[in-house]
Protein chains: 2
Amino acid sequence: MAAKKAPTTARRKAVPARPRGGAKGRASASVPDLFQVLRGRIASQAIAPGAKLRETELAAEFGVPRTRIRDALAALEQRGLVVREPNRGAVVTRLDLSQVFHIYDLREALEGLAARLATERMPPEHWQKDVALFKGPMKDLIAQGDLDTYIEQYELLRLRIIEAAANPVLAEMLDIIYEKTQVLIRRIIILPGRAEIGRGQHLATLEAMRRGDAAEAERLRREGLRTAKATLEKYQRYVL
Amino acid sequence: MAAKKAPTTARRKAVPARPRGGAKGRASASVPDLFQVLRGRIASQAIAPGAKLRETELAAEFGVPRTRIRDALAALEQRGLVVREPNRGAVVTRLDLSQVFHIYDLREALEGLAARLATERMPPEHWQKDVALFKGPMKDLIAQGDLDTYIEQYELLRLRIIEAAANPVLAEMLDIIYEKTQVLIRRIIILPGRAEIGRGQHLATLEAMRRGDAAEAERLRREGLRTAKATLEKYQRYVL
DNA sequence: GGCCCGCAAAGTGTCAACACTTGTGCAGAC
DNA sequence: GTCTGCACAAGTGTTGACACTTTGCGGGCC
């Protein structure tokens, strides 16, 4: 409606001071910006699975031409976050049961690798404070039922391990399945006793890393993910 | 002109005869088509690493509007096959040494997983003919120096294993690094004695699969890739 | 003779209008 | 009353044109 009457409002005329490179051009959002925003909304469930993403609507909201929304949607499709059917538009993919288990198999392989590489590339002392964290404070968080903070801290550890692994290709692949793990972790961790079991496994893995035992760290990380998957299978009726 | 159907997205509606614009009866290539063609050229080194891809040029060659080339280039960029700089255009990425080793670590994790899943999901007899293939004919091919046929057959086995693993997410990830492995395999296999060593390891893995020993199949596949990586490290001056 | 400035061409980035497809509501017939 | 066909509207797909950036080249100045 109002979209066509929008006066072009000197968006770029004679203001070359801000070439586009940056992330947060306040003039208008770039395609990567849009991608990140939409990705965040999908990951946080702000946009429910199955919801339709209308191009014109989004274009109006962000104040950008529809073409740019289109490019962002194409990127989301490549990442598997939305599905587009010709002339039907884009809808947020809902992860089905089989895909969930497939992702756990992937996590077992990828995060196991990450644990091994991180152990190999860092001096053992590097993990000292993480061992301490999981031994004490994290246990308290679980006991208090503050799972949000626990998950937040765990996510930070996860990022530190990925960074320490220093393998960009691996990081990229873990990033691809990030949104989905994000959702799954929150669903599994509320299962009875699961949080404490997970903490114990993380602690064991970290202690192996602190010993510099890369092979054992990989094995323990994989074992942890396998039991998580088993838990998910057992309780799938309640979780999904 | 190789495969034109994109495996990931089924775009075709197949009914209407494309009444676009009137005159020409030529159906123009879709974005997935263009993606596949360009991907093939990059994988086969028909377009050298570092070469520039000019949009107007490609648009003229394929007889499609430039916008469509743009979308295809965006997809290639997401896959890491080209790098685009603003106003500078797209150039084919050249894989550097560190990335090569990173990819081998990934292959170890991913193809190991594929071997395990394939073993678990298929009856042991399913691999009988592959064992026979690697025991006899493949040995002859190497002895005759017909490495192209050998690689071709190996690629087919690789695809069968991935298909048997029945994990679409895993398949997608292996697909992402496909082009790069493609190039690397051809460089490693010409090293002295390497082809025969590789064959022996593939045979051992296949025999574990025929025994239904999934864990051992995974271990052997991983071991094979680790030695391949070691060979690459040893001879990197000659290969890269 | 070398350096710098400015111009021009090539190529990329952006956009708004146009064409087509699909879903929906309404009217008419059985 | 219900079903069927048609027409309209909403939304997506496509296209050519236009604006901006980079770069190579030539002329003028030091």
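Going from atom CD of B:Glu57 over to atom C1' of C:dG11 covers 11 Å, rounded to whole Å. Note: CD (A:Glu85) to P (D:dG13) measures 11 Å, nearest angstrom. One can place CG of B:Asp71 at 9 Å from P of D:dT14, the figure rounded to the nearest angstrom. The separation between B:Ile69 atom CD1 and D:dT15 atom C1' is 14 Å, rounded to whole Å. Atom pair A:Leu73:CG and D:dG13:P shows a separation of 9 Å (rounding to whole Å applied).
Side-chain atoms of A:Phe101 and B:Val169, non-hydrogen and from C-beta on, never get closer than 4.5 Å to each other.
Interface remark: the B:Arg68 side chain does not form any donor-acceptor pair with the D:dG13 base, using a distance-only criterion of under 3.5 Å.
For B:Arg66, taking side-chain heavy atoms from C-beta onward, the closest of the listed nucleotides C:dA16, C:dT12, D:dG11 is C:dT12. Between C:dG13, D:dT15, D:dT23, one nucleotide has an atom nearer to the side chain of B:Asn87 than all others, and that is C:dG13. You'll find that the side chain of B:Thr56 is closest to C:dT12, out of C:dT12, C:dA16, D:dT12. Set against C:dG13, C:dA16, C:dG11, the side chain of B:Arg54 has C:dG11 as its closest nucleotide. The side chain of A:Pro65 lies closest to C:dC15 when the candidates are D:dT22, C:dC15, C:dT12. The nucleotide whose nearest atom lies closest to any side-chain atom of B:Arg70 is, among D:dG13, C:dG11, C:dG13, C:dG13.
As judged by a 4.0 angstrom heavy-atom cut-off over every strand, A:Leu53 is placed among residues touching the sugar-phosphate backbone only.
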Check your understanding: Between A:Arg194 and A:Thr227, does a side chain to side chain contact (heavy atoms under 4.5 Å, CB included) hold up when you go through it step by step?
Key -> CA-CA 10 Å; A:Arg194 177 61 216 174; A:Thr227 65; 3.6 Å; yes
Exercise for review: Run the numbers on B:Gln182 and B:Tyr178 for side chain to side chain donor-acceptor pair (under 3.5 Å), then give the verdict.
Suggested key: CA-CA 6 Å; B:Gln182 186 80 323; B:Tyr178 169 72; 3.1 Å; yes
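Not one N or O on the side chain of A:His202 forms a donor-acceptor pair closer than 3.5 Å with the backbone of A:Gly224.
Phosphate proximity of C:dG13 to B:Arg88: absent, as no side-chain N or O sits under 4.0 Å from OP1 or OP2.
B:Gln45 CD: more than 12 foreign heavy atoms inside a 6.0 Å radius.
Each of B:Glu55 and A:Thr67 was assigned the nucleotide of DNA chain C with the nearest heavy atom; the assignment lying further toward the 5' end belongs to B:Glu55.
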